[in-house]
There are 2 protein chains.
Amino acid sequence: MKKMKQAEAVEPKRTRLSPDQRRQDFIRKATELFSEEGFDGGTRELARKLGVTQPLLYRYFPSKEELIREVYRTVYIDRWKDSWDDLLADRSRPIRVRLEEFYRDYTNTIFTREWMRIYLFSGLKGFDLNRWYVGMIQDRILARIVEEYRHEAGLPAQSPPAPAELELAWVLHSGIFYYGIRKYIYESPVLEDKERVIANALDVFLEGISRVFGTAVKVRAAYGRPTAGAVSR
Amino acid sequence: MKKMKQAEAVEPKRTRLSPDQRRQDFIRKATELFSEEGFDGGTRELARKLGVTQPLLYRYFPSKEELIREVYRTVYIDRWKDSWDDLLADRSRPIRVRLEEFYRDYTNTIFTREWMRIYLFSGLKGFDLNRWYVGMIQDRILARIVEEYRHEAGLPAQSPPAPAELELAWVLHSGIFYYGIRKYIYESPVLEDKERVIANALDVFLEGISRVFGTAVKVRAAYGRPTAGAVSR
DNA sequence: CTAGAATTTTATCATATGATAATTATAAGT
DNA sequence: ACTTATAATTATCATATGATAAAATTCTAG
């Protein structure tokens with residue numbers, strides 16, 4: 001008796017999916033895997049998570065490297081909202097309100113274990129992606145914040161903003177960002193009321209720069225070049 | 001003729017070192033290697049850097065895991081300065097001066113590619129070390145900053161500081177810390193004048209909280225527990 | 001219902017990894 | 001100079017990895 005003819009739902013051994021579907025499944029599960037294990041997560045474990053065999057991966061991606069690239073794309077680029085531009089530039093509302101709404105939405109978007117971990121993993125790998133992302137933040141978020149602040153405070157427009165001003169905006173942004181790292185990477189206890197943390201940070205920042213801007217903040221040095229061999233290894 | 005008897009300094013094939021010396025060499029080179037490659041850096045490459053063979057490692061460390069622990073110890077614990085306690089608590093000097101000096105020294109200590117990268121690698125590995133370190137920062141640096149600020153501002157002493165106050169100090173601290181990440185991890189261009197960046201951040205922070213402290217900052221929620229399974233995997 | 005294209009599997013390779021046992025060479029003590 | 005303890009080596013194992021080729025199964029068009 002080789003086979004017990006139990007009245008089981010005869011699930012086919014192979015689940016055959018459309019190339020598009022399968023490809024997306026790979027990317028989705030790879031995102032899960034890589035966010036936990038890093039990019040050294042094995043292709044076999046990935047296949048196991050999908051319920052398929054390992055060589056199948058190579059029908060959809062020429063190499064693991066390519067799969068990683070795709071994971072990047074979906075995690076970063078696809079989650080970036082162009083609407084943030086307009087939100088921050090909407091001068092019909094006070095900047096305080098705009099900033100609060102932006103950071104609420106922004107942190108809701110990126111404060112996940114997946115996003116945070118993959119971001120750091122990729123940063124450590126030295127891929128260009130992080131430099132690109134940092135550039136995006138600086139050009140499309142921080143520069144705009146500085147600009148909008150200057151406008152609301154009645155200061156002369158200055159474009160592009162002075163490096164020292166951008167660095168100040170970085171302090172605010174990083175302060176909020178690192179809250180996510182403490183919570184989702186280190187899993188340290190944090191004050192759970194995120195909105196409150198953001199609100200306080202904004203209060204201090206806006207109150208603070210109103211005293212410092214245009215006076216203490218001088219352009220003391222130009223932006224430097226990348227510190228070492230800039231491109232990935 | 002098997003050997004050319006050139007008048008070479010006959011360097012012995014094996015360099016025999018004292019156990020202590022060799023052990024320290026392993027740790028030092030491992031720090032270099034792991035900071036670049038992550039903890040998946042191979043034991044063979046490590047041996048190559050030392051000019052010895054790979055199995056030798058296992059005379060000094062029972063496992064690679066143990067070696068990693070030692071690397072942690074030297075990088076973090078050994079670089080922590082107890083003098084920071086006194087520096088921050090020295091009420092004969094204004095807090096602005098103390099903070100500037102502290103952050104100058106602190107960033108000089110940790111703003112290196114090695115320190116920063118190993119810190120993030122270990123954070124992603126989920127080791128307790130980062131939670132421990134974050135606790136150190138909070139208890140011995142940030143709590144003290146809040147305390148000292150309250151004292152200088154003539155506010156009533158409050159011990160321990162309210163969570164929301166600590167979170168505000170975290171924003172400042174993280175803002176400065178992330179400058180290092182941008183520079184040494186992402187290798188993005190930054191405003192090279194670090195002292196200026198710190199000075200501006202402190203100005204904004206101190207000006208800002210003078211408006212916000214004791215009024216807007218209320219204790220709205222208690223510190224939460226770690227978000228997920230807290231211990232390393 | 002059958003043929004054929006396409007998806008998925010099985011089998012396998014080459015290489016790299018952490019770790020152990022047995023052997024060899026070095027430096028110190030007498 | 002000879003012995004001896006031990007630092008360092010060679011040889012090797014078991015396992016895991018990314019990747020490829022060929023065989024097998026599934027779905028669909030006609």
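Chain A is the first sequence line, chain B the second, and so forth, proteins listed ahead of strands; every chain is numbered from 1. Quick caveat, the model's predicted, so the values are computed rather than measured.
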Handout entry: Interatomic distance where CD1 belongs to A:I68 and C1' belongs to D:dG18 [whole Å]
Key = 11 Å
Handout entry: Test ring-ring contact (aromatic ring centres under 6.0 Å, His included) applied to B:F102 - qualifying residues, sequence neighbours left out
Key = B:W84, B:Y106
Exercise for the section: Mind checking side chain to side chain donor-acceptor pair (under 3.5 Å) for A:T107 and listing every partner two or more places apart, or none if nothing turns up? Expected result: A:K194
List, with names and distances, any nitrogen or oxygen atoms from the protein found under 3.5 Å away from nitrogen or oxygen atoms belonging to nucleotides 4-11 of chain C.
| from | atom 1 | to | atom 2 | distance (Å) |
| --- | --- | --- | --- | --- |
| C:dA6 | N3 | A:R16 | NH1 | 3.4 |
| C:dA6 | N3 | A:R16 | NH2 | 2.7 |
| C:dT7 | OP2 | A:R59 | NH2 | 3.2 |
| C:dT7 | O4' | A:R16 | NH2 | 3.3 |
| C:dT8 | OP1 | A:T15 | O | 3.0 |
| C:dT8 | OP1 | A:L17 | N | 2.7 |
| C:dT8 | OP1 | A:R22 | NE | 3.3 |
| C:dT8 | OP1 | A:R22 | NH2 | 2.9 |
| C:dT8 | OP2 | A:Y60 | OH | 2.5 |
| C:dT8 | O2 | A:R14 | NH1 | 2.9 |
| C:dT8 | O2 | A:R14 | NH2 | 3.4 |
| C:dT9 | OP2 | A:T53 | N | 2.9 |
| C:dT9 | OP2 | A:T53 | OG1 | 2.8 |
| C:dT9 | O4' | A:R14 | NH2 | 3.1 |

Practice task
Can you sort out the partners of A:R22 under salt bridge (charged side-chain N to carboxylate O under 4.0 Å, His left out), two or more places apart, ordered by chain and number?
Solution key: none
Completion exercise
For B:E114, the salt bridge (charged side-chain N to carboxylate O under 4.0 Å, His left out) test, sequence neighbours excluded, returns B:R79
Fill in the blank from the handout: Separation of C:dG18 atom P from B:F39 atom CZ, nearest Å, is 13 Å
Exercise for the section: Respond yes when some side-chain nitrogen or oxygen of B:Y58 is under 4.0 Å from OP1 or OP2 of C:dA19, and no when none is. Expected result: yes
Problem - Set of residues satisfying side chain to side chain donor-acceptor pair (under 3.5 Å) with respect to A:D86, sequence neighbours excluded - result: none
Practice task
To the nearest Å, give me how far apart CZ (A:F61) and P (D:dT20) are.
Solution key: 15 Å
Can you give me the N/O atom pairs linking the protein to nucleotides 15-17 of chain D at distances under 3.5 Å, or say none if there are none?
none

Problem - Close residues, residues 23-34 of chain B, relative to DNA chain D [heavy-atom separation under 4.0 Å] - result: none
Exercise for the section: Taking the six-membered ring for Trp and the full ring for Phe, Tyr or His, determine whether the centres of B:Y133 and B:W115 are under 6.0 Å apart. Expected result: yes
Problem - All ring-ring contact (aromatic ring centres under 6.0 Å, His included) counterparts of B:Y72, not counting sequence neighbours - result: B:F39, B:F127
Completion exercise
Those residues at least two apart in sequence (or on a different chain) that pass side-chain contact (heavy atoms from CB on, under 4.5 Å) with B:R140 are B:W80, B:D82, B:D85, B:M136
Practice task
Return the set of residues passing side chain to side chain donor-acceptor pair (under 3.5 Å) with B:E66 (not counting sequence neighbours), or none when no residue passes.
Solution key: none
Practice task
Name all residues meeting the side chain to side chain donor-acceptor pair (under 3.5 Å) criterion together with B:E100; count only those two or more places apart in sequence or in a different chain, and write none if there are none.
Solution key: B:R96
